[in-house]
Amino acid sequence: MRKGSMSGWGEFVVETLVRVAGFSAIGFVLLIFLFLLREGVPAFFEVVPGNLFGTRWYPTFDLFGTLPLVLGSLLITITAIVIALPLGVATAVFVREVAPNWAREILKPMIEVLAGIPSVVLGFFGMTLVAPFVRQVFGAPTGLTAFTGALILAYMALPTLISVAEDALDAVPRSYRDAALAMGATQWQTIWRVVVPAARSGIVTAVLLGMGRAIGETMAVMMVTGNAARMPLTLDSLFRPIRTMTATIAAEMGEVAQGSTHYHALFGIGIILFVLTFVINLTAASALFQKRRRGGLR
Amino acid sequence: MLTEIANPKIRIEHVSYAYDGEMVLRDVTLDVPANAVTAFFGPAGGGKTTLLRLINRLNDLVDGTQMTGRISLDGQDVYALGVNIPQLRRRVGMVFALPLPLPGTIRENVLYGPRLAGERDRSRLEEIVVRSLRQAALWDEVRDRLDGPASALSGGQQQRLCIARSLALEPEVLLLDEPTSGLDPISTGKVEESLLELKQHYTIIIVPHSVQQAARVADHAAFILMGDLIEYQPGKKIFTTPRDKRTEDYVTGRFG
Ligand SMILES: Nc1ncnc2c1ncn2[C@@H]1O[C@H](COP(=O)(O)OP(=O)(O)OP(=O)(O)O)[C@@H](O)[C@H]1O
Ligand SMILES: [Mg+2]
């Protein structure tokens, strides 16, 4: 056999393996989605829409209003991002643009370690330290509130947000900085008016990835938000207990009869969650795509 | 060799410079006269860009560098304590080898510097846009699309936009680092033409992208070879009657 055909064979095998691996990854995602649909879609037939999108979730009384859960998830996710965004961007700017080399060498691994803390540990930390703090400072009747959950989520979203934002800042070419400095910009003006805006789409991606992570988070959220399925419509809702979609599924799935309406409703929530995350990720992807098409950064 | 003249705009005295302990400029001394085009030319890696970046202190943020010697602007040491660096850079504008429009429109690009400097007056800003683009010989081509994206301009137009952006700050000195390296002959001609106009108001230092360009535009020229200033002569004599053998070899194309 000639050498050329040998390497041709090797190439074929590797190519096939890569292809199989790639397709099976997509295949598994599809399978999960199909399973979710099979178990969840019946809920949309068994429960009338007025009930399903109603404001009360009391499965024991056949009330399956998902609205408080969806709003609960959105409330803490958005609050978490509002807290995490300025902190994360400021940290990324500090690490990438301001900190001296030795400080960067220490900070970067530390931030990566943060990402590795198990969420149950954070939940425990939230219950024992953050919750009492929230109760005292904001005078809430209980420390287990939406705000407590948002704080923990913000903390969890930070490492991703920081490292993605940092990469985005790093990708801004040296020449942008030079151009700004050469026009008499101070270091701060260079950072805030040229480097950060030039890294904008990367930062948007960072935020969306952080959001995707936050909205799907379960354990820590379940431990610190009080889990009362009430509509967060009043101004003080942030400092009242709340319940998220994820916590509902996790708490109730264990004791529900398979095939019951309640069971299907929980999967229905899963579908809503899936769609939300999908939309967020799609937005992130299209932000990246738009940046490339505009050819903004070189 | 001519290194000292009366009332130079910029005086470079015994400047040596090293990146991470590696010398890239050795004891360079030369005076740059006002209202003229002075060219720094020589083979790649000789330190021309570095020398330009030392004049407006753009290398301040580069780690691990060492500088000795003195650079002064109108007799004032630019590295003296208490020098306002952003202000220095507004007096000494710089245009880079690769045209780099900042994100945004043509108008926004021109006004970047003045806005950073705190200029808010609308009619004043409008005036700056027109004047800078005219001086950079770009006005006629972009007057109808000032609010269009700067990235849609051609390479040559982008480079002139970068020149306009520097001129918007009304600098006293303009440092041009191979401003036509990526341009076609017609755009190059336009940029060179605008230099003739500009030197009446500004002191210009250019790193040309070829010996021919140096010979075309320079009123004075300095030959820099691997960190050493070999020869500096007023007028175009350096191209016709070089004194140093190495200069002669370079301008006649025998090396580099
Ligand atoms: N930021 C830097 N860090 C380390 N070394 C550098 C840096 N910038 C330039 N150098 C080195 O300094 C030397 C001079 O570079 P410089 O860019 O000033 O030369 P140049 O004459 O402008 O060359 P060219 O004609 O290729 O633009 C080169 O050897 C280069 O590798
Ligand atoms: Mg150079």
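Throughout, protein chains are lettered first and strands after them, A, B, ... in sequence-line order, and every chain is numbered starting at 1.
- For B/Ala168, the side chain to side chain contact (heavy atoms under 4.5 Å, CB included) partners are B/Val110, B/Pro114, B/Ile128, B/Ser132, not counting sequence neighbours.
- For B/Tyr19, the ring-ring contact (aromatic ring centres under 6.0 Å, His included) criterion is met by B/Tyr17, not counting sequence neighbours.
- When each of B/Leu98, B/Asp60, B/Leu116, B/Asp63 is checked for heavy-atom pairs under 4.5 Å with chain A, B/Leu116 comes out on top.
- B/Arg53 places a side-chain heavy atom less than 4.5 Å from the side chain of A/Asp178.
- Here the closest non-hydrogen pair linking B/Phe96 and A/Ala179 is CE1-CA, 3.8 Å.
- Counting all heavy atoms, side chain and backbone alike, A/Ala182 lies closest to B/Asn56 at CB-ND2, 4.3 Å.
- Separating the CZ atom in A/Arg177 from the CG atom in B/Leu58 is a distance of 12.5 Å, to the nearest 0.5 Å.
- No more than 12 heavy-atom neighbours from other residues, nucleotides or ligands sit within 6.0 angstrom of CZ on A/Arg19.
- Residues A/Leu181 and B/Leu61 meet the side-chain proximity criterion, which asks for heavy atoms closer than 4.5 Å.
- The number of heavy-atom neighbours closer than 6.0 Å to CZ of A/Phe138, taken from other residues, nucleotides and ligands shown, is above 12.
- The two residues B/Pro103 and A/Tyr176 make their nearest non-hydrogen contact at CD-CE2, 3.5 Å.
- Of residues 71-88 of chain B, those residues with a non-hydrogen atom less than 4.5 Å from any non-hydrogen atom of chain A are, in numerical order, B/Pro86.
- Residue-environment remark: CE (B/Met67) exceeds the threshold of 12 foreign heavy atoms within 6.0 Å.
- The local environment of CG in A/Leu235 is sparse, with at most 12 non-hydrogen atoms from other residues, nucleotides or ligands closer than 6.0 Å.
- No more than 12 heavy atoms of other residues, nucleotides or ligands shown are found within 6.0 angstrom of CZ on B/Arg122.
- Judged as a ring-ring contact (aromatic ring centres under 6.0 Å, His included), and not counting sequence neighbours, the contacts of A/Phe33 are A/Phe274.
- Atom OH of A/Tyr155 has 12 or fewer heavy atoms from other residues, nucleotides or ligands within 6.0 Å.
- Residues A/Met183 and B/Arg165 meet the side-chain proximity criterion, which asks for heavy atoms closer than 4.5 Å.
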